[in-house]
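Inspection log for the structure reproduced underneath, given as structure tokens.
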Amino acid sequence: MKHTIRRIVLNAAQKAFENGELPSGRFPEMEIEEPRHKSQGDFSTNFAMVSASIQKMAPGKIAESIVSSIEKGSLIEKVEIAGPGFINFFLSNKAWHPVIDRILEQDKAYGSSDIGQNEKVQVEFVSANPTGPLHVGHGRGAAVGDSVGNILSFAGFDVQKEYYINDSGRQIRTLGTSVWLRLLQMTGKEIKFPDDCYKGGYIKDLACEILEKEGKDFVLGDEKEAIEFCAKFAAEKILQGIKDDLAGFGVKFNQFFSEQSLYDSGRVQKAIEEFTSKDLIYRKDGALWFKTKDFGDEKNRVVVRNNGRTTYFASDIAYHMEKYERGFQKVIDVWGADHHGYIKRIDASIVASGRKSEQFEVILIQLVNLLRGGKPFQMSTRAGEFVTLKDIVDEVGRDAARFMFLSRSYDSGLDFDLELAKQKNSQNPVYYVQYVHARITGILLKAKKENIIRDIDFNKGKHLHLLDAGEEIHLLKILSTFGQTVEKSAKTLHPHVIFTYLMSLASAFHGYYNKHKVITDEKELTRARLSLVLGVKKVIRNGLTLLGVTAPERM
RNA sequence: GCGCCUGUAGCUCAGUUGGAUAGAGCAACGGACUUCUAAUCCGUAGGCCGCAGGUUCGAAUCCUGCCAGGCGUACCA
């Protein structure tokens, strides 16, 4: 619709130039926007204002000549000049009707686009260390990453979702030690459990499992080997648990990528050699340093410590190089906000390896504050016990949890109230939107039962011109903007834009529902309204799908 | 000290690559179920858009400087 308006304005400007009303044939970029107030029309352009300096005319005068040159088609009811030179377009009702046919025809594809041009994009998210179960923060990251992936793919990108497993290094060794020590305690040894070991109850469970499987003699074996065994066993077990929790949360990855594999294949070593030969890595105080400062970082960073061990930064460099080698034009990492200091150095390594900074983007997720009934929900990190993602999904349900995580911009901290997320009323936005889908399903079932329509998925909306109530036109307008909403969400990488859209569509529908009956004695009007609500149903479903939330037939 | 994020109604937050008169939910108050699901709707009230400058036809939005809060500033992960 916006494109149509733009074309009309440009045609009018060209015509005005040709008959001498405008001195210049140069037309600058204009905005076509949807004004807040109805009195300002359906669309508005600032063309006259941005042309003032080129035409050397007052905006009002330019607007006048444009308006007089506009070819009035059947879509436009009237055109007005207002304020400092806005040209306002008022569309006739029938301009909005075709959107219904488009929705019914495109169905699950309605709202999709090809702005991504099939560009290969990777979204890496969660990537929690396999040293413990996923917690609330991971949940927000999972919801955002998964949803961003869905949205990008709907917008025409070729998306791959990946989870990076930190299965090498100190944390895994610590994990092994933690399990080993618990195991020793279970066999009666008096041991002071160190502070820097993992204390969660799941460690004891794992120790128990090993004891059961391997028998008591296990503790008599070589300690180093035993700890390694514990580490491997625990990491695999925990990772499987993480995968299960993610599946329960409706998140599916295309690939799990192992950090250890970067060492095994020599990719890390290769990266270090490459940058050393480019003089970007140097030795100082017995350690190897990467010159990230040359690329905008505050200081240079260590890749190999003076004890010979690599830092996580080393494998992260190799990992990101490897990503681009796999053909991704763009790489998006979803991180917790506490890692933001890490962005510059990764970006530096990417630029150093010859990629553009624009090919790398980090989505920083701000903290989640867990509440219960408005009160902060204390979790004792001291004891290593915390509220897991699974706890939350079990308590409030997957849909409510995902919707809550995506309800706000990830740039802001999020208050997640468990009681509120459980409530089945207007306080809880997920039901507000899902209820629309269920209500419409009810209407369609009734229509089918009463033989008004034979098949719920009838193809063509008929008699659409009968849709002329204010609430109906309002709904049609919202339906017609779904595509641009998805585009905006894809461009800004912000899923909550979809959330906000769904809330306003749901609100418009509930208002309509309460004022008008869909199934009436007038057969043709009923058919028209049925196709309208079927359109709403499909758009609600498409939007919810992007957020990973189900669209129930009944509630 | 430096870096990132945030500051909009009593609370939680939206606010379209700068647009005209600032938006929603909750909470408060008053209404609407013999109906296709009241998990809903309608109405009322509520604002120095943190503060101060700047950029221009025009600023909640962009720039600068302050103020407040969160997070980060390791040869940790």
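First the proteins, then the strands, lettered A, B, ... as listed; each starts at 1. Only heavy atoms go into these numbers, but all of them, side chains included; no hydrogens, no water, no symmetry mates.
At a threshold of 4.0 angstrom between heavy atoms, the contacts of A/N129 are confined to the sugar-phosphate backbone, with no base atom among them. Contacts of A/D338 with the nucleic acid, taken as non-hydrogen atoms under 4.0 Å apart, involve only primed sugar atoms and P, OP1 or OP2. Nucleic acid contact for A/H494: none, since no nucleic acid atom lies under 4.0 Å from a heavy atom of the residue. Note on A/E298: only backbone sugar-phosphate atoms sit closer than 4.0 angstrom, heavy atoms only; bases stay farther off. Heavy atoms of A/S409 sit under 4.0 angstrom from primed sugar atoms or phosphate atoms, though from no base atom. Counting any heavy atom pair closer than 4.0 Å across all strands shown, A/H496 reaches sugar-phosphate atoms only and no base atom. Among the protein residues, A/S504 comes within range of no part of the nucleic acid, since none of its heavy atoms lies under 4.0 Å from any strand. Residue contacts shown for A/N306 include a base, since a base heavy atom lies under 4.0 Å away. A/A447 comes within contact range of no nucleotide atom at all, as no heavy-atom separation falls under 4.0 Å. A/R554 comes within 4.0 angstrom of a base, heavy atoms only. Among the protein residues, A/D196 comes within range of no part of the nucleic acid, since none of its heavy atoms lies under 4.0 Å from any strand. At a threshold of 4.0 angstrom between heavy atoms, the contacts of A/A438 include nucleobase atoms, whether or not backbone atoms are also involved.
A gap of 11 Å separates the P atoms of B/U40 and B/G25, to the nearest Å.
RNA chain B contains the following stems of three or more consecutive Watson-Crick or G-U pairs, with both distances under 3.5 Å: B:1-7 with B:67-73, B:10-13 with B:23-26, B:28-32 with B:40-44, B:50-54 with B:62-66.
Residues meeting the side-chain contact (heavy atoms from CB on, under 4.5 Å) test with A/Y501, sequence neighbours left out: A/I478, A/T481, A/F482, A/T485, A/L505, A/V539.
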